[in-house]
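Structure first, commentary second.
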2 protein chains.
Amino acid sequence: MLKKERHAFILQQLNIHNRVMSNDLLQRLAVSEDTIRRDLQELAEEGKLIKVHGGALSRSLHFTLSANDIYLPKEKKTIAQKAATLVQDGMVVLLSGGTTIRELIHHLAPELSATFITPSVPIALELMNHTGSEVIFIGNRLHKVAQIAIGAELTRQLASIQADVCLLGTNAIDSKAGITENEWEVAEVKKSMCQAARQVVALAISEKLNTVQPFQVCKASAVHAVVTEFEPHDERLAAYRSAGIQCI
Amino acid sequence: MLKKERHAFILQQLNIHNRVMSNDLLQRLAVSEDTIRRDLQELAEEGKLIKVHGGALSRSLHFTLSANDIYLPKEKKTIAQKAATLVQDGMVVLLSGGTTIRELIHHLAPELSATFITPSVPIALELMNHTGSEVIFIGNRLHKVAQIAIGAELTRQLASIQADVCLLGTNAIDSKAGITENEWEVAEVKKSMCQAARQVVALAISEKLNTVQPFQVCKASAVHAVVTEFEPHDERLAAYRSAGIQCI
DNA sequence: ATAAAACCGGCATAAACCGGCATAAATGTA
DNA sequence: TACATTTATGCCGGTTTATGCCGGTTTTAT
């Protein structure tokens, strides 16, 4: 077995399982522990995986790890502030779930008077602190993990709504693949939300840019704007601008 | 299982449920109590969570939770425990809002499998920690102060429901005037809930006994049982017993 | 007040890590 | 072809890490 082959195999396993353990690899590849360790070390130096004691983790899993980092006040705050300016008096606004959206609510002007519609329980709870606005929760069956409403009743209620704008906390966005999600039911909900609004705005921290998940929410062409922590004319947003997406 | 994986899992759980318990984690991750403790300790040092006795809280929401958890009179706990025994496997249960109901949820057996229906946002959020059961939220327009759904859509949805039991956190109850409320809209919601269930059970701390508020929820004769912190045969409940209400 | 549960510090151990060295195969060069 | 160089791999020792266990203490709940 050639070194390159081993490397390819390791990366393949990593793509499938999001993790590999040295012990497992050295048996299946029939090489010594040291060789595996060196392999992982090299791949880690090339940035193709994250080395940890006893094995390695895929880069994407590490994203979710750092995404869980509660301490991202800077970027998320920036995004939330910029996105908050999009909400004007009298608007009907659809909100998804997620910590960025929650942060956005904190940045709404207290005297603002808008109508907020959301399928997310924590977001609904947060919105109730906002005195000026009306809050409408949609859906009835609740998804425990995502803490949002799902199912047919939600779609039925959304069908009778034409919101001014839909603000989505985004898991993954790509200038070609559009907005994607890693859970089917959540993707379905967001898909319905996009269809119920005249404009779709994606709130995405830069590390979510150019990433793709299995389930599509909407095509890139359906996204009207994307809000990141970057300046509007940042080079790293070029692909989105040329896809006709406004960058804020 | 690699250490980093556990950490990622813990943070993920934390983002979902806003809290984790060591005991729960050590079973699901199949490691010793010590390892979990060390994991939580390390994550706490990195500032990714708040360590508390027996588990950890999410950094973002711990204040809301602990604030509500701190204020728990002993009586409410007693009531919640007794009321929790009324919920059996397979039941469809309507729940109102209120801290007593929330406490009740904590006392549900984890392996219980029931369907809970509620118009209260905090209660819905709390219910999502209960793995075994299905959670349905009803209504869409939200009342900011009471944090429950109100309005016509709620009534419409309730009309198509026949629950086994309706558990009401009660503001005022009297053996003659029945259950009453101090806000019209909330009273309307609870009235609809009573009509949508075969049985109505009132959870009332003793200080609420024999008090009357302006807006009626239901007549005394419509109440099947009342749960207080008293013993079932306590003298002070005599009036309710003779009104045909079961005292628990 | 008392018992159960959670916490802490320390210890033990097995697994994983590291650096260096040796060997052998592959590659390059005269 | 013969010799030197590089590369890949395995092996060895000493070190670090991860984890479980244990005794004693604190916190929580009844």
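Below, each value reflects all heavy atoms present in this structure, side chains not excepted, and no hydrogens, waters or symmetry copies. All of these numbers come straight from a predicted model, not from anything done at the bench. Lettering of chains follows the sequences in order, A, B, ..., and the numbering in each one begins at 1.
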Checklist entry - Asp24(B) CG to dA6(C) C1': how many Å, rounded? => result 15 Å

Item to check | Enclosure of Met21(B) CE (heavy-atom neighbours >12, cutoff 6.0 Å) | outcome: no

Checklist entry - So does Asp34(B) reach the base of dC7(C) with its side chain, donor to acceptor, closer than 3.5 Å? => result no

Item to check | Under 3.5 Å on both distances, the Watson-Crick or G-U partner of dT13(C) | outcome: dA18(D)

Checklist outcome for this item: Rounded to whole Å, NE2 of His53(A) lies from P of dA15(C) at a distance of 11 Å

Checklist outcome for this item: pair_partner(dA5(C)), Watson-Crick or wobble, both distances < 3.5 Å, evaluates to dT26(D)

Item to check | Side-chain N,O (Asn23(B)) to OP1/OP2 (dA6(C)) below 4.0 Å | outcome: yes

Item to check | N-O pairing of Glu103(A) and Lys77(A) below 4.0 Å | outcome: no

Checklist entry - Whole-Å distance between dT26(D) P and Glu33(B) CD? => result 17 Å

Item to check | Audit row: Asn171(A), Val186(A), side-chain contact (heavy atoms from CB on, under 4.5 Å) steps and yes/no | outcome: CA-CA 11 Å; Asn171(A) 245 330; Val186(A) 177; over 6 Å; no

Next on the checklist: Are there over 12 heavy-atom neighbours, none belonging to Lys48(A), within less than 6.0 Å of that residue's NZ?
Outcome noted: no

Checklist entry - Over how many whole Å does the gap from Leu26(A) atom CG to dG10(D) atom P extend? => result 10 Å

Checklist entry - Given atom CE of Met21(B) and atom P of dT27(D), what is their separation to the nearest angstrom? => result 21 Å

Checklist entry - Thinking salt bridges, do Arg102(B) and Glu126(B) make one under a 4.0 Å N-O criterion? => result yes

Short heteroatom pairs, N/O only, protein and nucleotides 5-9 of chain D, under 3.5 Å:
| unit_1 | atom_1 | unit_2 | atom_2 | d |
| --- | --- | --- | --- | --- |
| dA8(D) | OP2 | Lys3(A) | NZ | 3.4 |
| dT9(D) | OP1 | Arg6(A) | NH1 | 2.4 |
| dT9(D) | OP1 | Arg6(A) | NH2 | 3.4 |
| dT9(D) | OP2 | Arg6(A) | NH2 | 2.5 |

Next on the checklist: Other residues, nucleotides and ligands only: do more than 12 of their heavy atoms fall within 6.0 Å of CD on Glu235(A)?
Outcome noted: no

Checklist entry - Hey, is the side chain of Lys51(A) poking within less than 4.0 Å of OP1 or OP2 on dA16(C), counting only N and O atoms? => result no

Checklist outcome for this item: Here the distance between atom P of dG20(C) and atom CZ of Arg37(A), to the nearest Å, is 13 Å

Next on the checklist: Could you tell me if the side chain of Leu142(A) sits less than 4.5 Å from the side chain of Leu127(B), heavy atoms only?
Outcome noted: no

Checklist entry - Do any side-chain nitrogens or oxygens of Gln41(A) fall under 4.0 Å of OP1 or OP2 in dC17(C)? => result no

Next on the checklist: Just the rounded figure in Å: distance from P of dC7(C) to CG of Leu25(B).
Outcome noted: 11 Å

